[in-house]
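Report on the following structure.
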Amino acid sequence: MGKPQRLDRLIAGQCLLTRSEAVKAIRRGRVTVDGVPCRQPDTKVDPDAVALALDGVDIGYREHLYLMLNKPAGLLCVSRDPSAPTVMDLVPPEWRRRDLFPAGRLDKDTHGLVILTDDGDFAHRMLSPKNAIYKHYLAVLDAPVDPSVPAAFADGTSFVDGTPCLPATLTVLEDGDTPLVDIAVCEGKFHQVKRMCGAHGLGVNWLKRVSIGGLKLDESLDEGACRLLTDEELSSIFG
Ligand code: URA
């Protein structure tokens, strides 16, 4: 059972309506609770225990939203920025009223998996290095990888300024002058991957996050598109 909430607040929180539009819709009998119109905006209802509909359409109550976004390069990964486009510009209008934010940042030029949510506890659990949730990145580097580098990553390398890093992995997937590597880290310091590579004389030409814990980026999701995570996908992050 959830917490009983005012009907107008609930409707406004879940739909495209403002609070005052929700009040009007309720007074007009457009909102039903278990199939019966409820015209009192201040009626307390438990959203987990009743079926709520607006104009006959189930509002699909969700306490929190969890969206998978395939981030393109060129957008800031922040909740808002007055002067530059952000990943929030990619959120479809029906989810814009929620207080969504990116759970963990990618650089402007980094592509790939971002989770947008309004659940602060979840974001904290996912990002805390204590929980050792590994994030995998594919990276194209600007020089061959010396055989000593994977071992240095595994021991916990340091940035050039001496900042220590937790143990990580680097696996060469395609050798060559600009090798393709998989890098897994369980912390999210600013420019983490680029600075770890930089400490070994390696520049990062291209970077894409492809998984968080057991959750893989859905490669059928176009760059710039987002969709709801399934319950299974959500729990796979921590599994
Ligand atoms: N590490 C980086 O250097 N950049 C990112 O965007 C993510 C991890």
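Index from 1, following the sequence. The structure presented is a predicted model; accordingly, all values stated were derived computationally and were not measured. Quick note: numbers below take in every heavy atom, side chains included, and nothing from hydrogens, waters or symmetry partners. One-based numbering, in listed order, for ligands and for the atoms of each.
- Ring pair Phe122/Phe238 is perpendicular by interplanar angle, where above 60° counts as perpendicular and below 30° as parallel.
- In the vicinity of Thr110, heavy-atom distances shorter than 4.0 Å reach the ligand 1 atoms 4 (N), 5 (C), 6 (O).
- Nearest protein heavy-atom contact of atom 4 (N) of ligand 1 is Asp107 OD2, 2.7 Å.
- Where the criterion is an N or O separation shorter than 3.5 Å, residue side chain and backbone included, Arg105 fails it with respect to ligand 1.
- Geometrically, ligand 1 and Val193 share a nitrogen or oxygen pair separated by less than 3.5 Å.
- For Arg96 (side chain) and Asp89 (main-chain N/O), a donor-acceptor pair under 3.5 Å exists by modelled atom type.
- Looking only at distances, no side-chain donor or acceptor of Lys208 sits under 3.5 Å from a matching main-chain atom of Leu113.
- The contact set between ligand 1 and Tyr137, taken as ligand atoms under 4.0 Å from a residue heavy atom, comprises 7 (C), 8 (C).
- The part of Leu207 lying near ligand 1 is the side chain, judged by heavy-atom distances below 4.0 Å.
- His200 has its ring centre less than 6.0 Å from the ring centre of Phe153.
- Checking only distances, Arg195 never comes within under 3.5 Å of ligand 1, N or O to N or O.
- Open room surrounds NZ on Lys108; 12 or fewer heavy atoms of other groups in view lie less than 6.0 Å from it.
- The distance from ligand 1 to the heavy atoms of Leu106 drops below 4.0 Å at these ligand atoms: 6 (O), 7 (C).
- One finds no salt bridge joining Asp48 and Lys3 here, because no Lys/Arg side-chain nitrogen approaches an Asp/Glu carboxylate oxygen to under 4.0 Å.
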